[in-house]
Amino acid sequence: MQREPITEIRSRSFALQEHNIDTDQIIPARFLTTTERGALADACFRDWRFDGAGNRTDHPLNKVETETHSVLIAGDNFGCGSSREHAPWALRDFGVRAVITTRAGDIFKANAANNGLVVAEIDAEAHAAFLERNGEEVVVSLADMSVTSGNVRAGFTLEPFARTCLIEGHDALGFLLAREDAITRFEQASAA
């Protein structure tokens, strides 16, 4: 799948400081019936943002202006729990382009990268400094693998293939399809 290449995300931040936010909190299981992306914004953190009757609560997420605030500073162990590709879909549909945390669930990180969502795991001291700057502009750079806000800077790592796919704007299949000519040439040379 082709999507927008990501080399840098520049946006204001917003925070969810709770630890151990699992994928069922990000998107409750009852919303997993669709395979269409682009329609899950209201399902994102549904049980936090809406009451049982479907009315918006006073949760801070309902006050986030995602047009200008697309970098989420999350608590430790973000995206833990069951494997759920819908979780990064919902976050992207809500407007999140990057998540900064001290630790994220392994499967969540893989699903996020495969769906164009950057997850930057940084050390606890830098994370605390970013929380103090909540609401300010943050730059997430895949070119130099850093997160910066004002004078606060932290490095992060990504699995190299995931980083390449994010920068090129592909998922794993799109990466292969973009190299179809090279694959065909290799197969033809190998058959000779």
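Along the sequence shown, residues carry numbers from 1.
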- Task: Determine, for D47 against R30, whether the closest basic-nitrogen to carboxylate-oxygen distance falls under 4.0 angstrom.
- Result: yes
- Query: Would you call E67 and R12 a salt bridge, taking side-chain N to carboxylate O under 4.0 Å as the test?
  - Reply: no
- Task: Look only at the side chain of T66 and the backbone of H69, and say whether a donor-acceptor pair between them is shorter than 3.5 Å.
- Result: no
- Item | Closest contact, heavy atoms only, T102 versus A124 | CG2-CA, 3.8 Å
- Query: Mind checking what makes side-chain contact (heavy atoms from CB on, under 4.5 Å) contact with T184, not counting sequence neighbours?
  - Reply: E180, Q188
Validation: residues 52-61 side-chain donor-acceptor distances under 3.5 Å, sequence neighbours left out:
{"from": "R56", "atom 1": "NH1", "to": "N62", "atom 2": "OD1", "distance (Å)": "2.9"}
{"from": "T57", "atom 1": "OG1", "to": "W48", "atom 2": "O", "distance (Å)": "2.9"}
{"from": "T57", "atom 1": "OG1", "to": "R49", "atom 2": "O", "distance (Å)": "3.3"}
{"from": "T57", "atom 1": "OG1", "to": "H59", "atom 2": "N", "distance (Å)": "3.2"}
{"from": "H59", "atom 1": "ND1", "to": "L61", "atom 2": "N", "distance (Å)": "3.0"}

- Message: With side chain to side chain donor-acceptor pair (under 3.5 Å) as the rule and sequence neighbours excluded, what pairs involving residues 124-133 come up?
- Response: R133-E136, R133-S149
- Query: Tell me, do E85 and N114 make a side-chain contact under 4.5 Å, heavy atoms counted?
  - Reply: yes
- Task: Give a yes or no on whether the backbone of A162 and the side-chain of E159 come within a donor-acceptor separation of less than 3.5 Å.
- Result: yes
- Item | F50 versus D42, closest heavy-atom pair with distance | CE1-O, 3.6 Å
- Is a donor on one side and an acceptor on the other found under 3.5 Å between the side chain of N111 and the backbone of S83? no
- Task: Indicate yes or no: at least one non-hydrogen side-chain atom of R46 is less than 4.5 angstrom from one of P28.
- Result: yes
- Query: Does T164 reach the main-chain N or O of P160 with its side chain, forming a donor-acceptor pair under 3.5 Å?
  - Reply: yes
- Find out whether E168 and R163 are in side-chain contact, i.e. whether some heavy atom of one side chain is under 4.5 Å from a heavy atom of the other. no
- Task: Please check if atom CZ in F161 has more than 12 non-hydrogen atoms from other residues, nucleotides or ligands closer than 6.0 Å.
- Result: yes
- Query: How many angstroms lie between CZ in R153 and OG in S146, if you round to the nearest 0.5 Å?
  - Reply: 3.5 Å
- For A126 and A154, the nearest pair of non-hydrogen atoms, with its separation, is CB-CB, 3.6 Å
- Query: Which of these, I26, N20, T23, sits in a side-chain contact (heavy atoms from CB on, under 4.5 Å) with F78?
  - Reply: I26
- Message: Quick check: closest heavy atoms across S141 and D144, and the distance to 0.1 Å?
- Response: OG-OD1, 2.9 Å
- Item | Hydrophobic cluster of I27, others only, ordered by chain and residue number, side-chain cut-off 4.5 Å | F31, L32, L40, W89
- Item | Flag, side chain of D22 to backbone of Q25, donor-acceptor distance under 3.5 Å | yes
- Query: For V147, what are the other residues in its hydrophobic cluster, where any two members join if their side-chain heavy atoms are less than 4.5 angstrom apart?
  - Reply: I6, I9, V71, I73, I100, V118, I122, F130, L131, V138, V140, L142, M145, V152, F156, L158, L166, I167
- Minimum heavy-atom distance between T34 and H86, given as atom pair plus value: O-NE2, 2.5 Å
- Query: How many angstroms lie between atom CG of L173 and atom SG of C165, to the nearest 0.5 angstrom?
  - Reply: 10.0 Å
- Task: Output the distance between atom CD (E121) and atom OG1 (T157), rounded to the nearest 0.5 Å.
- Result: 7.0 Å
- Item | salt bridge (charged side-chain N to carboxylate O under 4.0 Å, His left out) involving D76 - partner list, sequence neighbours excluded | R103
- Query: Got L91 and F108 here, is their nearest side-chain heavy-atom distance under 4.5 Å?
  - Reply: yes
- Task: Might you work through the side-chain contact (heavy atoms from CB on, under 4.5 Å) test for L16 and L72, ending with a clear yes or no?
- Result: CA-CA 7 Å; L16 284 177; L72 168 60; 3.9 Å; yes
- Salt bridge flag under 4.0 Å for residues E8 and R10: yes
- Main-chain N/O of S70 paired to S11 side chain as donor or acceptor, under 3.5 Å: yes
- Considering all heavy atoms, the nearest A74-V99 contact: CB-CG1, 4.0 Å
- Message: Using modelled atom types and a 3.5 Å cut-off, is there a donor and acceptor pairing between side-chain atoms of N77 and backbone atoms of H19?
- Response: no
